[in-house]
Amino acid sequence: MSVFNSTPPKIKQYHLIKWLKDNFLIFSKKNLSLLKLNSERDKNYLLKINRTTKFVVKISNPLESIKLLEMQDELLIILNQRVSIKKYIPKKIHSSIMTYKDELGRKCYVRILKYIEGEMYARIKTSDKLQKSLGFFLGNLSKEFQSMGNPSSFRNFQWDPSNIDWIDRFVNVFKGDQKSIINNTLDEYINFFIKNKNNIRYSLTHGDANNYNLVVKNNKIIGLIDYGDMIFAPTINDLAIALAYALMNQQNLYSTLKNIIKNYHQQFPITFHEFFSLMTLVKCRLIITVVMATKQRNKFPNNKYLSISEKDAWSLLSKLDKINPYVFIFFLRDMCGYPVINNYSKIIDYIKKNQFSNILEFDLNLVNKTIIKLDSASKFSNIHKKHNPQIITKKINLFLKDNDSAVGIGLYKEKRNIYKGKNFLSLLNPKIKREIHLGIDIFVPPRTSILSPLKGNVFILKNNNFEFDYGPTIVLEHKIDKEVVFYTLYGHLSKKSLKKLVLGQNINKGEKLGEIGNYPINGNWSPHLHFQIILNMMGEKNNFPGVAEDILLSMWSKISPDPNLILNIPSSFFEEHDEIDKIIAKRKTLISNNLSIAYKKPLQMISARGQYFYDYKGRKYLDCINNISHVGHSHPFVHQALMKQNEKLNTNTRYLYKIMNEYSERLINKFSKKLDTIFFVCSGSEANDLAYRIAQTFTQAKDVLVMDNAYHGNTNSMIDLSPYKFKGRGGAGKKEYVHIAEMPDGIRGKWKYSDADWVKKYIFQVKNLIDNIYNKKRTLSCFFVESILGCGGQIFLPQNYLKEVFKLVKSKGALCIIDEVQTGFGRVGNKFWGFEEQNIIPDIVTLGKPMGNGHPIAAVVTTKEIANVFNNGMEYFNSFGGNPVSCAVGNAVLEVIEKEDLQNHADVVGRYLLNSLIKIKRKHSNLISEVRGRGLFIGIDLIKNFKNQPNEKLATKIVNTLRDKGILLSTDGPNHNVIKIKPPLPFSKEDSDFLSHELNQVLNSL
Ligand SMILES: Cc1ncc(COP(=O)(O)O)c(C=O)c1O
């Protein structure tokens, strides 16, 4: 027989008072009164002296073991010495345990404690403050218990939630929902406690911090009474037991859990593995409550205390039973700063590193997309109206058409007010709805094929057909290794999609999974795919939540991270942006109209990386013309270098800083020995302007020899040296000090490939020009020439041309200036500088565009001799040129070129592309006269039907058609018939294939 079966002590109060007076000095001759207190198996009284001073007299059940009572006395003394909790612990009054005979003549042990004056937790309307103070106190209590112990605490005890195997015997006493709740809890006990029991900490515990043992004053816990259930058990038992009662009658389970657990955790950190069992222990304790109540009620029908919590326990159990146990585990871990699941980082890293294939039959990034908002401001949802998918679909389709978009995108983490019904109420706080979207929606027409972006196995095939659910749903399981898996979910499919697959089936990357369903079978939604990543199925076998309550969003976003990790839509697409018409209109009011805008259909780029641009419709464009973004758009290494230096120091060259010397040395090393002195400036135009000024100072002359069709910059001086500008629209014509060399264009120049000695003729023309200058008593300051003629139409100067012309120029004491602004820094592949192929050493080289990968840095490189002459007393000062930030950027660009072996890459990929283009030329020799290039600097000369007549119309058509295909090119040359190709150097063979394929397609279609 145990204390639970034995009748509690039977006592006559007058007799007990007399006994107390006789045996305790403090009570003798005092006016004593007794008031019965609740107890399960003992008899407890509130004892008052003169109606004021209060004690608790505890008369134990006759079967109570003295050892346990001695343990309580001993531990109470220790607890009363612990600073963090002593004020909560009742004080022992008796010095030794005495015996008292009850009415039935049974010996009962008596103990007397100081009464803690306050209200019982159960009787108080709870508050955040009270709950927090409970967590705080319990945390400290658990902490103190770590260093306490008593042999008698090692025992089995029916109220211990970590030991409920005995409940098995009582399952059949219950029926219906109650029986299934008990069975579910017993299963959970095995899976979430027994299997985890070696991973958690054990210690002495109070064992019964229920709401009738917690004393409250001023909304704070001030005491914990009743130490009769002390037991060596899982440390978190005390927290679980307190929660079991504190959660009763709480509508907002979320805040109660948060208040208590967070404060407990702050005092005494719960471990990652303990969270796995905590809420199961809560449920186990509740099951004990209801089973004990039923059991004891039969034996002691008059003791109402025995079933005091029964109703509330059942009501809480039925709430908790509906909540997936993992929700608690993950939410609590997340709240306390743990990763929600074991392998979170491993899975996320894996996903981030992987390349996924398309989810539709085309690349989502090669079409225009528009965001379909379903938030409270959405034009597609109206919570007050009856849901009508037909009307919504029409609206969405119209909206997509107006936005020239093939696909609509519904947002991850969007708060939506479209989910109706009790299924969408939060189980942790029914005042809150689950309305935050955990997937990405892809709005495409019904029957559009859905492909698996990665290899996997079919894990769920199910028509989840309650209102506003997914309808036909597929979930795939993906293995990272033997132990680690994750899942992807595809919702709102057609019914047919479920029939074609079987559970467990292997699915290859890119394999068709199913197709988009239509309303009403797709959950009665506008046709779209709901795509979601799931890192842990939380034991679900049929369905998985696609929306979450905002209070749990932090946790849910770790279980279902952004699906864009797999879809890879550029993140800039999700940012707010203006419509293109609005931007153009505003620009026209603010900016001069002689800034042109590329393409018939202008582009609004939002972001760029490597060789790709991303526009505001989330479309990817292969950039084939931006030689400025030389090492790739927004290169992270260059960006970091800029940020680091900018944070530290940015000033001008009148101060000393190491980075200028460091960078200059690195740059100079790229030139032959003679070219050893640098001037830093901010643009190619400025570099050329300075070069021209240096030449004038050095030679004391003004006349200049320039190449026809050349462009050297936008400054006053450079416009005058650029036939491309001064001869063109709005140009003022040639100045008398400017002399134009014929452009050695073997196709359309004055002398052609077919002419005998055609190169010599061009050289001779220069000789005549120079002679003429001097015949007119003028003197030449310099010859300005690009190493490859960009604006001339990607023209490569013939062998020996420059060598001979340089001789002529130098013979007159004039300088030879190479404009390397377009071509330098390894672009041409076989050499670092474009001019190096010509076997010449210029007097001055100007650098620009690629030098800072988009940062405005440019330079003039010359000889010490020339620089010294220029140093004629007038200071050369440039506010920005050569500042430390620009130097750090330039230095980083050189480092990237070296580290990423970009010069060699340009050589290899350039040859590959040139070969493909030559093949296209052979096939379309009626339309292409020549394909020419070095590395990634290439031109395609387009003609009209075998004649060498320039075909500007075709060039423009190709550029615009390829723009629509996602490839950016432009035209150049005096006849605008040359397509120029000069992409960022990371341009790959795949990009080359894409470009060649699309170019071929356009030419085939003519
Ligand atoms: C050959 C050449 N030189 C100079 C310049 C002028 O450079 P920036 O635009 O940096 O002033 C350009 C610009 O296109 C150019 O192509």
Side-chain angles (χ1 to χ4, degrees), residues 592 594-596 598 623-630 679-695 704-728 731 738 740-741 743 782-797 802 816-825 827-828 833-835 838 842 844-861 878-882 886 889-890 893 934 936-939 968-974 976 978 980-984:
S592 165
N594 55 3
L595 268 71
S596 73
D623 181 0
C624 298
I625 37 174
N626 247 286
N627 56 340
I628 295 172
S629 305
H630 190 63
F679 295 84
F680 286 114
V681 292
C682 308
S683 71
S685 306
E686 212 190 334
N688 285 336
D689 184 89
L690 177 62
Y692 180 39
R693 192 147 74 87
I694 292 172
V704 192
L705 180 61
V706 295
M707 182 64 74
D708 201 5
N709 302 313
Y711 174 66
H712 294 296
N714 57 32
T715 60
N716 220 348
S717 67
M718 284 305 115
I719 292 293
D720 287 345
L721 301 196
S722 302
Y724 171 77
K725 288 286 179 195
F726 67 67
K727 278 168 63 178
V738 178
I740 304 177
M743 186 170 81
C782 60
F783 171 42
F784 243 105
V785 66
E786 297 162 75
S787 24
I788 304 166
L789 314 182
C791 291
Q794 311 287 88
I795 301 271
F796 291 81
L797 292 166
L802 274 192
C816 294
I817 302 175
I818 285 284
D819 179 339
E820 189 72 39
V821 170
Q822 284 270 4
T823 44
F825 294 91
R827 169 163 300 278
V828 293
W833 305 112
F835 70 81
Q838 297 279 335
I844 301 179
V845 182
T846 59
L847 310 175
K849 290 185 193 285
M851 193 169 172
N853 210 45
H855 180 84
I857 177 169
V860 174
V861 179
N878 192 316
S879 293
F880 304 124
S886 297
V889 169
V893 170
R934 277 311 170 278
L936 285 168
F937 197 79
I938 295 175
L968 303 183
L969 290 165
S970 69
T971 59
D972 225 326
H976 314 288
V978 178
K980 61 178 172 189
I981 302 174
K982 46 189 181 90

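Keep in mind that what you see is a predicted model, and the values were worked out from it rather than measured. Counting convention: from 1, in listed order, for ligands and their atoms alike.
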| request: May I ask you to identify the nearest protein heavy atom to atom 14 (O) of ligand 1, giving residue, atom name and distance to one decimal place in Å? | output: Lys849 NZ, 2.7 Å
| remark: Numbered in order shown, the ligand 1 atoms found under 4.0 Å of a heavy atom of Ser683 are 10 (O), 11 (O)
| Numbered atoms and elements of ligand 1 in range of Gly713, under 4.0 angstrom, heavy atoms | 6 (C)
| query | For the residue pair Val821 and Lys849, what are the closest heavy atoms and their distance? | reply | O-CB, 3.5 Å
| said: Quick check: Gly684 and ligand 1, any N/O pair under 3.5 Å apart? | reply: yes
| Glu786 N/O under 3.5 Å from ligand 1 N/O | no
| When only distance counts, is Asn714 in polar contact with ligand 1, meaning an N/O pair under 3.5 Å? | no
| field | Numbered atoms and elements of ligand 1 in range of Ser685, under 4.0 angstrom, heavy atoms | value | 6 (C), 7 (O), 8 (P), 11 (O)
| said: Measuring only between side-chain heavy atoms, which start at C-beta, is Leu847 closer than 4.5 Å to Trp833? | reply: yes
| field | Nearest-contact summary for atom 3 (N) of ligand 1 - protein heavy atom, Å | value | Asp819 OD2, 2.6 Å
| request: State, with a plain yes or no, whether a side-chain heavy atom of Pro842 is found less than 4.5 Å away from one of Phe835. | output: yes
| request: For Asp972 and Gln794, test the side chains for any donor-to-acceptor distance below 3.5 angstrom and give the result as yes or no. | output: no
| query | Around atom CZ of Phe880, are there more than 12 heavy atoms of other residues, nucleotides or ligands at under 6.0 Å? | reply | no
| said: Within the 4.5 Å heavy-atom criterion, are Ile818 and Leu802 side-chain neighbours or not? | reply: yes
| task | Over 60° means perpendicular and under 30° means parallel, so classify the ring planes of Phe784 and His712, tilted if in between. | result | tilted
| atom 16 (O) of ligand 1: the protein heavy-atom neighbour that sits closest, reported with distance to 0.1 Å | Gln822 NE2, 2.8 Å
| request: Can you pull out the closest protein heavy atom to atom 15 (C) of ligand 1? Residue, atom name and distance to 0.1 Å, please. | output: Tyr711 CD2, 3.9 Å
| Can you tell if the side chain of Leu721 reaches within under 4.5 Å of the side chain of Val738, non-hydrogen atoms only? | yes
| said: If the cut-off is 4.0 Å to any non-hydrogen atom of Asn688, which atoms of ligand 1 fall inside it? | reply: 3 (N), 4 (C)
